[in-house]
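Written below as structure tokens is the structure these notes are about.
All values below were derived from every heavy atom in this structure, side-chain atoms included, with hydrogens, water molecules and symmetry-related copies excluded. Bear in mind the structure is a predicted one, so any value in this text is a computation, not a measurement.
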Amino acid sequence: MYLELKNRLGAQLKSVLQAKYDLAVESIPLETPPDLKMGELATPIALQLARTLRKAPRVIAQEIVSSLGPLPGFASFEIAGAGYINARLDRAAGVHAIADASGIGPAADGVHSLVEHTSINPNKAAHIGHLRNAILGDTFVRLLRAAGQRVTVQNYIDNTGVQVADVVVGFLYLEGKSAADVRALIAECEARSAGQADKSGAFDYLCWNLYARTSQWYVSGTEEENAARKKLRYETLHAIEHGGNETAEIAELISTAVLKRHLETMLRLGIEYDFLPRESEILHLNFWALAFELLKKTGVLYFENEGKNKGCWVMTRPGADVTDGETDEDAKVIVRSNGTVTYVGKDIAYHLWKFGLLGRDFGYRKFFTYPDHECWISTEEGEAEHPHFGGVQAIYNVIDSRQSDPQANVIQALRGMGHTAEADHYTHFSYEMVALTPRCALDLGYDVPEEDRSRAYIEVSGRKGFGVKADDLIDKLISATLEEVNKRQTGRDQAERGQIAAQIAIGALRYFMLKYTRNSVIAFDFKDALSFEGETGPYIQYAVVRVRNIFRKAGTTPEAVLAEFASIDAAPFLVGEDAEDIWAVWLRAGRRSTVLEQGIATSEPAYLAKHAFQLAQEFNNFYHRHHILTEENAARKRFLLATAAIVLRELVTVLGWLGIESPEAM
RNA sequence: GCGCCCGUAGCUCAGCUGGAUAGAGCGACUGACUACGAAUCAGUAGGCCGGAGGUUCGAAUCCUUCCGGGCGCACCA
């Protein structure tokens, strides 16, 4: 509702300026006044035009207002302050527009986009940092879908990297295990932890410890021993990359088993994927060879004959100023002098595939089954029948901010190849890491060096085995929630309580990860994450439950109330001091599409989180001031019930976008 | 050395493309439950928006510079 009125006013102002002053203003600044008393929309346009028109701002404002004429949806315009034009909405019309559900569903906008998120190295259990990534990515997917886009969700799997190699080294040389042993161990872990709440014996947990142990092993021997161990590490890595040997087989077993665990962990949060492209296929299907030819042909890559990069194929970094004839020592190496390709090179090939520009495709086979769809994984030779992935118009890579340089290199390469449209629709959805507060680290029993104890936060490190595992955190949240639910829901059985507790716990976790804007470091602390009061997911869920309880006792349904609402004259209930907070609730409810648009344009899901919280807050305020069920005026009671129904509809919808369920009770 | 991010209330964070008295939550202090279930609400205290210049009718927001903190800048993945 708000978005439509905002656009309508903007267009009207534009045409007035055109007609009256012969001015073509590109976009009219429209904002929300600081107080509802001043109206619902405002523009400082007269202040801006004062200089060019050489008139006092208030005079200009007056002239504009007198030419605005009547505008559907608006009640009046007035001049305030130094020359603001404030618009008051026709409240009754606004309320009915909001209540009328038509036009709320997404209009398919035809864009096919791809969101890549999670992308955890498949060599250890997921931790809280990975949760932030997956929750941000999954929420953004939901936002794009709400806006009518067709979205595929990818989770890139680096199954041939040095991190997997380290765990392989651990199994081979620290544990002395063969491929058959590892296979048996995985089967044992899966059998043991199947249907078990306790994940301590799960394979990804086991790898978490082994990975930390191996990383230590590399540096804990004598100098010669360490050199030999490092050599072993790179031999192992190369054997995995090459494939077709027992080392590679172990790597495949590990990465597949850990990946399954990751998918299970994420499914607990309602996070699902469509496709899992793996590095092994990018290597073995020679994506790079094709990309290399394209990069040479377009001149993005050139062979360096001089300087420190002599013998390499390199590309100019974005923003670099290179003088002709001089050697660009700062150029990014894509192909090493020994002929092997770097990480960025492989990533360029992969991104050409994403946009359908490579001319080669993966093989596909089914990997994981969700209730309503399949998740596919890349293979060299796959099933004949499969959906088509890749070839999209826009991509979003949810990758932490530390990788902004390599991401910029890939974008630069696409642009250099002439794929400017693709480069423009390549978004590095960057976010800051989740770190631990020193206190939290000490509580977890980690050894925190003296010099780190005064820091605001300490980075988690898989290599050191330092961090909070995702499943542990979820378990802890669920048990803390269950304690509260047990106190309140004495009339419900264990299964119901468990379900409610899980909904609340996941809501708390997802909201916690979404309330911060992306480039703020989250200093993780159990006290904050386990909080269910104030600006939290459960606070919003509680507002939902309150509305549901009202309707349960009122003997009617939100749908029935809203259906009947169309024929009610709401105007009498929207005037006067007493009505301001009620109108505030409706107005907030009507801002949904504005906030969605803003959240997508800025790639910032936190806006939606904030919106849901504010609506819940305004509702709670309304709830305390206006007692619905005891209202004696029948017409007013219907109006108040409609208000509650709208809050329910909006909160359930927006919480759904955030991946947070709306419990029936709590 | 170069690049990116951050510095707002005791703590954790918002602050829309520069705009009208800078907002939340937590914590502190006062109050409100035989109930539309208080996982709630109302109220009080608390801020030269890191410092200094500049642009502008107007700056927490833009520019310059300095201070303080974080992260990147490999023929590692």
* **Side chain A/S337 and base B/C75 donor-acceptor under 3.5 Å** =>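 Answer yes: a donor N or O sits under 3.5 Å from an acceptor.
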
* Asked: Does A/N86 get its side chain close enough to the base of B/A20, under 3.5 Å, for a donor-acceptor pair?
  ->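 In this structure, the two groups form a donor-acceptor pair.
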
From [atom1] of [X] over to [atom2] of [N], roughly how many Å is that when rounded to an integer?
X: A/D330; N: B/C75; atom1: CG; atom2: C1'; value: 14 Å
X: A/N620; N: B/C36; atom1: CG; atom2: C1'; value: 12 Å
X: A/E618; N: B/G23; atom1: CD; atom2: P; value: 15 Å
X: A/L596; N: B/C16; atom1: CG; atom2: P; value: 19 Å
X: A/R518; N: B/C4; atom1: CZ; atom2: P; value: 17 Å
X: A/D166; N: B/A77; atom1: CG; atom2: P; value: 13 Å
X: A/R638; N: B/C36; atom1: CZ; atom2: C1'; value: 19 Å
X: A/L615; N: B/A24; atom1: CG; atom2: P; value: 16 Å

* Describe the nucleic acid contact of A/V485 in one word from base, sugar-phosphate, nothing, applying a heavy-atom distance below 4.0 Å. =>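 Base contact - A/V485 has a heavy atom under 4.0 Å of at least one base atom.
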
* **Touch class at under 4.0 angstrom, heavy-atom based, for A/Y607 against every strand present** =>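 Here A/Y607 touches the backbone only, sparing every base.
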
If you measure from the [atom1] atom in [N] to the same atom in [M], how many Å do you get, rounded?
N: B/G53; M: B/U61; atom1: P; answer: 14 Å
N: B/U8; M: B/C2; atom1: P; answer: 26 Å
N: B/U12; M: B/A28; atom1: C1'; answer: 16 Å

* Asked: Can you give the dot-bracket line for RNA chain B, where a pair is Watson-Crick or G-U wobble with both atom distances under 3.5 Å, crossing pairs use [ ], and | marks a partner on another strand?
  -> (((((((..((((.....[...)))).(((((.......))))).....(((((..]....))))))))))))....

From the list [options], which nucleotide is the closest neighbour of the side chain of [X]?
X: A/Y542; options: B/A77, B/C36, B/A38; answer: B/A38
X: A/R317; options: B/A74, B/A20, B/G25; answer: B/A74
X: A/P33; options: B/A20, B/G37, B/C76; answer: B/A20
X: A/R488; options: B/A39, B/C75, B/A20; answer: B/A39

* Determine the minimum heavy-atom distance between A/C440 and A/F524, stating which atoms define it. =>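 A/C440 and A/F524 have their closest heavy atoms at CB-O, 3.8 Å.
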
* List the steps and the verdict of salt bridge (charged side-chain N to carboxylate O under 4.0 Å, His left out) for A/D400 and A/R132. => CA-CA 10 Å; A/D400 78 72; A/R132 187 178 195 184; over 6 Å; no

* Report yes if the ring of A/H624 lies under 5.5 Å from the six-membered base ring of B/U40 with planes under 30°, and no otherwise. =>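 Here the ring of A/H624 and the base of B/U40 are not stacked, as the 5.5 Å and 30° limits are not both satisfied.
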
* Considering only NZ, NE, NH1 and NH2 on the basic side and carboxylate oxygens on the acidic side, decide whether A/R552 and A/E664 come within less than 4.0 Å. =>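 A salt bridge is present here (some side-chain N lies under 4.0 Å from a carboxylate O).
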
* Taking the six-membered ring for Trp and the single ring otherwise, decide whether the centroids of A/Y511 and A/Y539 are under 6.0 Å apart. =>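 Not under 6.0 Å, so no.
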
* Toward the 5' end of RNA chain B, which comes first, A/P406 or A/I28, by nearest nucleotide? ->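 First, find each residue's nearest nucleotide; the 5'-ward one identifies A/I28.
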
* Asked: RNA chain B: A/M38 or A/A665, which has the more 5' nearest nucleotide?
  ->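 Upstream on the strand: A/M38.
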
* **Flag side-chain contact, heavy atom, 4.5 Å: A/Y2 against A/R592** =>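 Not touching, per the 4.5 Å side-chain cut-off.
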
* Asked: For the atom pair CG (A/D525) and OG1 (A/T437), what is the distance rounded to the nearest 0.5 Å?
  ->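 Result: 4.0 Å between the selected atoms.
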
* **Within 6.0 angstrom of A/H242 NE2, more than 12 heavy atoms from elsewhere** =>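 At most 12 heavy atoms, drawn from other residues, nucleotides or ligands, come within 6.0 Å of this atom.
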
* To do: Evaluate the ring planes of A/F512 and A/Y516, with Trp represented by its six-membered ring, and classify them as parallel (under 30°), tilted (30 to 60°) or perpendicular (over 60°).
  =>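 Ring orientation of A/F512 relative to A/Y516: perpendicular.
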
